[in-house]
Colleague: 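Shown below is the structure under consideration.
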Amino acid sequence: SECNIVICEEYCHETCMMYESMGVPTVNSGSAPVGPVAIREWIQSIADFFGNDPSPAFAILDKVLERVSDGMRATKGSESLRGRSLAIEGDASVILPMVEWMHSALALIPIYVRVYDGCSEDQLRRIESFLEGIGCLDALTDELPRSVQIMMADGNTAKKMEIAEVCTVGVDIGFPSLYDTDFMAKSPMGTRGILYIMERAINSRPLMG
């Protein structure tokens, strides 16, 4: 192998060290390829390593983003979500780009953020810095409220919160739910992840205002 490409660094610290001891370098963009910005950075980091032109991959990403934009314009999907609440728990490499994306694209406000064990100090600092920058640092310590618009977590937690009406919509961004039989992949990563997350988020909007 010419390199070891990292997706979620929480799960491969020792693997990276092993490969590096064998002379195989690590390519790590700093977060999982979740959302447009992080996907672009992930592609760019790999292209830079190999000295390749990333524009063909960017063209695929741009086509997906055009589809999202068309859907948003057609349904005015983001207008009734602006300023509504987001709760999220999961791996730091997924949480950081997800929260940044949901805040910038839909103006969702993170009010509850829990990071799984295994994250690096750098990852945690980046999450803290972002939340502090948007005035939501308390989300790292506040308890889960009784009502939240969107809850992103592992499938079981997301479904339980939805059934209990703690959230309007529960979004699986981790291990699949035992409650459902999934015939389509529901990974939040990559271009399919963009469509999956946006579909779930937009369909969580209130019918009125």
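The structure presented is a predicted model; accordingly, all values stated were derived computationally and were not measured. In what follows, every heavy atom counts, from backbone to side chain, and hydrogens, waters and symmetry copies are set aside.
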Colleague: Does any donor atom in the side chain of S120 or D122 lie under 3.5 Å from an acceptor atom in the other side chain?
Modeller: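 No pair is found: no donor N or O on one side chain lies under 3.5 Å from an acceptor on the other.
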Colleague: How many angstroms lie between SG in C119 and CZ in R125, if you round to the nearest 0.5 Å?
Modeller: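 Reported value, rounded in 0.5 Å steps: 10.5 Å.
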Colleague: Specify the closest pair of heavy atoms between I43 and P54, including all atoms of both residues, with the distance to one decimal.
Modeller: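 Closest approach of I43 to P54, heavy atoms only: CG2-CB, 3.9 Å.
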Colleague: Looking only at heavy atoms, which two atoms of Y112 and D142 are closest? And how far apart?
Modeller: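 Scanning both residues completely, I find the closest heavy atoms to be CD1-O, 3.4 Å.
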Colleague: How long is the gap from OG on S45 to CD1 on I5, to the nearest 0.5 Å?
Modeller: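 Rounded to the nearest 0.5 Å, the OG-CD1 separation comes out at 7.5 Å.
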Colleague: How long is the span from the CG atom in L106 to the CD atom in Q149, to the nearest 0.5 Å?
Modeller: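 Reported value, rounded in 0.5 Å steps: 10.5 Å.
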Colleague: What is the distance from atom CG of D48 to atom OG of S29, rounded to the nearest 0.5 Å?
Modeller: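 If we round to the nearest 0.5 Å, D48:CG and S29:OG are 11.0 Å apart.
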Colleague: Do you know the tightest heavy-atom contact between Y196 and K186?
Modeller: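 It is CE2-O, 3.2 Å.
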Colleague: Go through the steps to decide whether E20 and T26 satisfy the test side chain to side chain donor-acceptor pair (under 3.5 Å), and finish with yes or no.
Modeller: CA-CA 7 Å; E20 288 170 2; T26 296; 2.8 Å; yes
Colleague: Surrounding CG of D117 (heavy atoms of other residues, nucleotides or ligands, distance under 6.0 Å), is the total greater than 12?
Modeller: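 Check fails, neighbour count at 12 or below.
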Colleague: Taking it one step at a time, do E162 and K159 satisfy salt bridge (charged side-chain N to carboxylate O under 4.0 Å, His left out)?
Modeller: CA-CA 5 Å; E162 193 175 282; K159 179 59 69 173; 3.7 Å; yes
Colleague: To the nearest 0.5 angstrom, please state how far the OH atom of Y19 sits from the SG atom of C3.
Modeller: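 That separation rounds to 10.5 Å.
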Colleague: Could you tell me whether M17 atom CE has more than 12 heavy atoms of other residues or ligands within 6.0 Å of it?
Modeller: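 Counting other residues, nucleotides and ligands, CE of M17 stays at 12 neighbours or fewer.
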Colleague: Hey, does M152 have a side-chain heavy atom less than 4.5 Å from the side chain of M102?
Modeller: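 Yes, side chains in contact.
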Colleague: Does a sphere of radius 6.0 Å around CZ in R114 hold more than 12 heavy atoms from other residues, nucleotides or ligands, not counting ones at 6.0 Å or beyond?
Modeller: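 Yes, the 6.0 Å shell around CZ holds more than 12 heavy atoms from other groups.
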Colleague: Would you compute the distance between atom CE of M189 and atom SG of C8 and round it to the nearest 0.5 angstrom?
Modeller: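 Reported to 0.5 Å precision, the distance equals 3.5 Å.
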Colleague: Taking the side chain as every heavy atom from C-beta outward, state whether V115 and Q123 have any atom pair closer than 4.5 Å.
Modeller: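 They are not in side-chain contact.
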Colleague: Any salt bridge linking D70 with R67? Criterion: basic side-chain nitrogen under 4.0 Å from a carboxylate oxygen.
Modeller: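 Result for this pair is no, no salt bridge flagged.
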Colleague: Is a side-chain donor or acceptor of D91 paired with a backbone partner of V94 at a separation under 3.5 angstrom?
Modeller: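 A pair under 3.5 Å: no.
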Colleague: For E10, what residues pass the side-chain hydrogen bond (donor to acceptor under 3.5 Å, both in side chains) criterion, not counting sequence neighbours?
Modeller: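 Here the qualifying residues are S93.
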Colleague: Give the minimum heavy-atom separation between P110 and L131, together with the two atoms involved.
Modeller: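 Closest pair (atom of P110, atom of L131, distance): CG-CD2, 3.8 Å.
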Colleague: Any Lys/Arg nitrogen of D62 or R40 sitting under 4.0 Å from an Asp/Glu carboxylate oxygen of the other?
Modeller: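 Result for this pair is yes, salt bridge flagged.
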Colleague: Ignoring hydrogens, what is the shortest heavy-atom contact between I194 and L61? Give both atom names and the distance.
Modeller: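 What the structure gives for the nearest pair is CD1-CD1, 3.7 Å.
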